[in-house]
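Owing to the predicted nature of the structure, the values given are computational and were not obtained by experimental measurement. One-based numbering along the sequence shown. Every number for a ligand or one of its atoms is a count from 1 in the order of the listing.
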Amino acid sequence: MATLDVLLRLKDMPTWEHGTRISDFSFQGGGPVGTAMVAAAKLGARVGFIGTVGNDEAADLKMRSFHEVGIDLSRLIHRDIPENQVVIVYVHAETGERVFAGVSRTGDTQVGPDELDRDYITSADYLHLDGYHNAAALQAAQWMQAAGKTVVLDGSKTNGPVRGSMRDLVAHVDVLISGSGFVQGLTGEPDLSCALEAALDYGPRIVVQTEGADGAYTVTRGPAGVEERVHTPAFACNVIDTTGAGDVFHGAYIVGLLHGWDVRETARFASAVSALKCTRLGGRAGIPTFEETMAFLQRA
Ligand SMILES: Nc1ncnc2c1ncn2[C@@H]1O[C@H](COP(=O)(O)OP(=O)(O)O)[C@@H](O)[C@H]1O
Ligand SMILES: [Mg+2]
């Protein structure tokens with residue numbers, strides 16, 4: 001999914017009785033895979049993006065940073081309708097936490113499995129999915145697995161059971177990287193460490209769950225069951241906005257895997273990229289380059 005995010009930074013939310021003032025605003029591309037792929041490209045990976053885009057100025061604005069970082073858009077699917085993957089993001093000026101108000105979606109923006117180019121998709125080493133366009137996502141994941149390639153899934157932040165289409169997808173995923181609550185919602189285990197380990201039985205060989213300022217928790221599966229358990233602390237930073245922290249973590253994580261790094265090094269790199277992102281308003285403005293990230297890690 002790729003969205004246009006309209007970001008508003010404020011201390012108090014408006015009510016129907018009282019207006020409010022915003023301290024900053026921005027228009028940036030967003031969406032879990034969209035932002036992850038901009039991060040991966042900015043960090044040096046060769047990236048293509050598949051999703052849908054509308055026909056108006058909002059669509060141009062949402063695609064701008066894809067062009068800036070040189071993402072291949074040859075398989076982007078154009079819909080002759082106004083852009084409706086638009087999200088208002090209210091960012092709390094004191095904590096940098098955010099709440100979303102998205103446009104109600106119709107079926108128009110879904111990618112169908114028949115719109116996919118199998119050869120294009122399987123020419124990649126990694127496929128990153130976010131569970132939107134779910135029929136197409138499942139098809140693409142199955143093709144990647146048949147081709148012996150790696151499928152990565154963003155299991156979004158969840159507070160309840162994980163929905164059926166997402167469960168079907170997890171079975172075809174090699175690397176599951178989720179937001180808070182996902183592995184508990186997937187497995188029914190309330191305890192995070194038990195849930196992480198239980199999630200390995202659903203298919204993935206690497207499971208990571210990010211927990212905001214509490215960092216990231218990783219478990220891996222080896223020939224004899226659970227192999228590694230790693231906690232990666234978050235880096236202290238001047239937090240302006242956490243929008244997209246998880247999304248860029250995913251993109252950076254794939255870049256770490258492309259470098260052949262182990263899960264410890266990869267999660268540390270991804271955490272650094274996320275921390276740097278959090279210092280700017282919006283999911284994309286703060287994404288660092290590879291060199292900036294390495295310099296940050298050296299100082300940390
Ligand atoms: N307040 C913060 N300070 C420092 N790093 C953060 C902060 N919030 C998130 N991060 C970094 O970003 C990663 C992903 O953030 P998280 O909040 O779990 O994702 P999301 O809310 O986008 O699903 C964390 O593991 C951490 O490394
Ligand atoms: Mg967060």
Checklist entry - In terms of ring plane angle, is the pair Phe27 and Phe25 parallel, tilted or perpendicular, where the classes change at 30° and 60°? => result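 Geometry flag for Phe25 against Phe27: perpendicular rings.
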
Enumerate the atoms of ligand 1 whose separation from the nearest heavy atom of [X] is less than 4.0 angstrom.
X	value
Ser271	27 (O)
Lys157	21 (O), 23 (O)
Phe235	4 (C), 5 (N)
Glu211	18 (O)
Gly215	25 (O)
Thr210	14 (C), 16 (P), 18 (O), 19 (O), 25 (O)
Ser274	11 (C), 12 (O), 13 (C)

Checklist entry - Based purely on interatomic distance, does Phe249 place a nitrogen or oxygen under 3.5 Å from a nitrogen or oxygen of ligand 1? => result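 No, since none of the N or O atoms of Phe249 sits under 3.5 Å from an N or O of ligand 1.
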
Next on the checklist: Is it the case that ligand 1 has an N or O less than 3.5 angstrom from some N or O of Gly244?
Outcome noted: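 It does not: no N or O of Gly244 is found under 3.5 Å from an N or O of ligand 1.
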
Which residue and non-hydrogen atom of the protein lie closest to [atom], and at what distance in Å?
atom	result
atom 15 (O) of ligand 1	Ala245 CB, 3.6 Å
atom 22 (O) of ligand 1	Gly246 N, 2.8 Å
atom 17 (O) of ligand 1	Gly212 CA, 3.2 Å

Checklist entry - For the side-chain hydrogen bond (donor to acceptor under 3.5 Å, both in side chains) test, which of Lys157, His250, Gln184, Gln209 pairs with Ser178? => result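 One option only clears the test, and that one is Gln209.
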
Checklist entry - Is there a donor-acceptor contact under 3.5 Å linking the side chains of Gln28 and Ser26? => result yes

Return yes if some donor-acceptor pair links the side-chain N/O of [X] with the main-chain N/O of [Y] below 3.5 Å, else return no.
X	Y	value
Lys11	Arg21	no
Lys149	Ala124	yes
Arg280	Ile240	no

Checklist entry - Between Arg79 and Asp108, does at least one N-O distance fall below 4.0 Å, as a salt bridge requires? => result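 Salt bridge between Arg79 and Asp108, a charged N being under 4.0 Å from a carboxylate O: no.
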
Checklist entry - Does Arg205 pair with Glu227 as a salt bridge, N-O distance under 4.0 Å? => result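 Glu227 and Arg205: not salt-bridged.
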
Checklist entry - Given the rule that I, L, V, M, F, W and Y join up when any side-chain heavy atoms are under 4.5 Å apart, are Leu61 and Val38 in one cluster? => result no

Next on the checklist: Once you restrict to heavy atoms under 4.0 Å, what part of Arg98 touches ligand 1? Side chain, backbone, both or neither.
Outcome noted: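 For Arg98, only side-chain atoms sit under 4.0 Å from ligand 1.
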
Checklist entry - Looking only at non-hydrogen atoms, which of Gly283, Ala267, Ala252, Ala234 approaches atom 5 (N) of ligand 1 most closely? => result Ala234

Checklist entry - Of the listed options (Thr95, Val239, Ile177, Asp154), which comes nearest to atom 3 (N) of ligand 1 when hydrogens are ignored and any heavy atom counts? => result Val239

Checklist entry - Are Cys237 and ligand 1 in contact, using a heavy-atom cut-off of under 4.0 Å? => result yes

Checklist entry - About how many Å separate CZ of Arg9 and CG of Leu281, when rounded to the nearest 0.5 Å? => result 7.0 Å

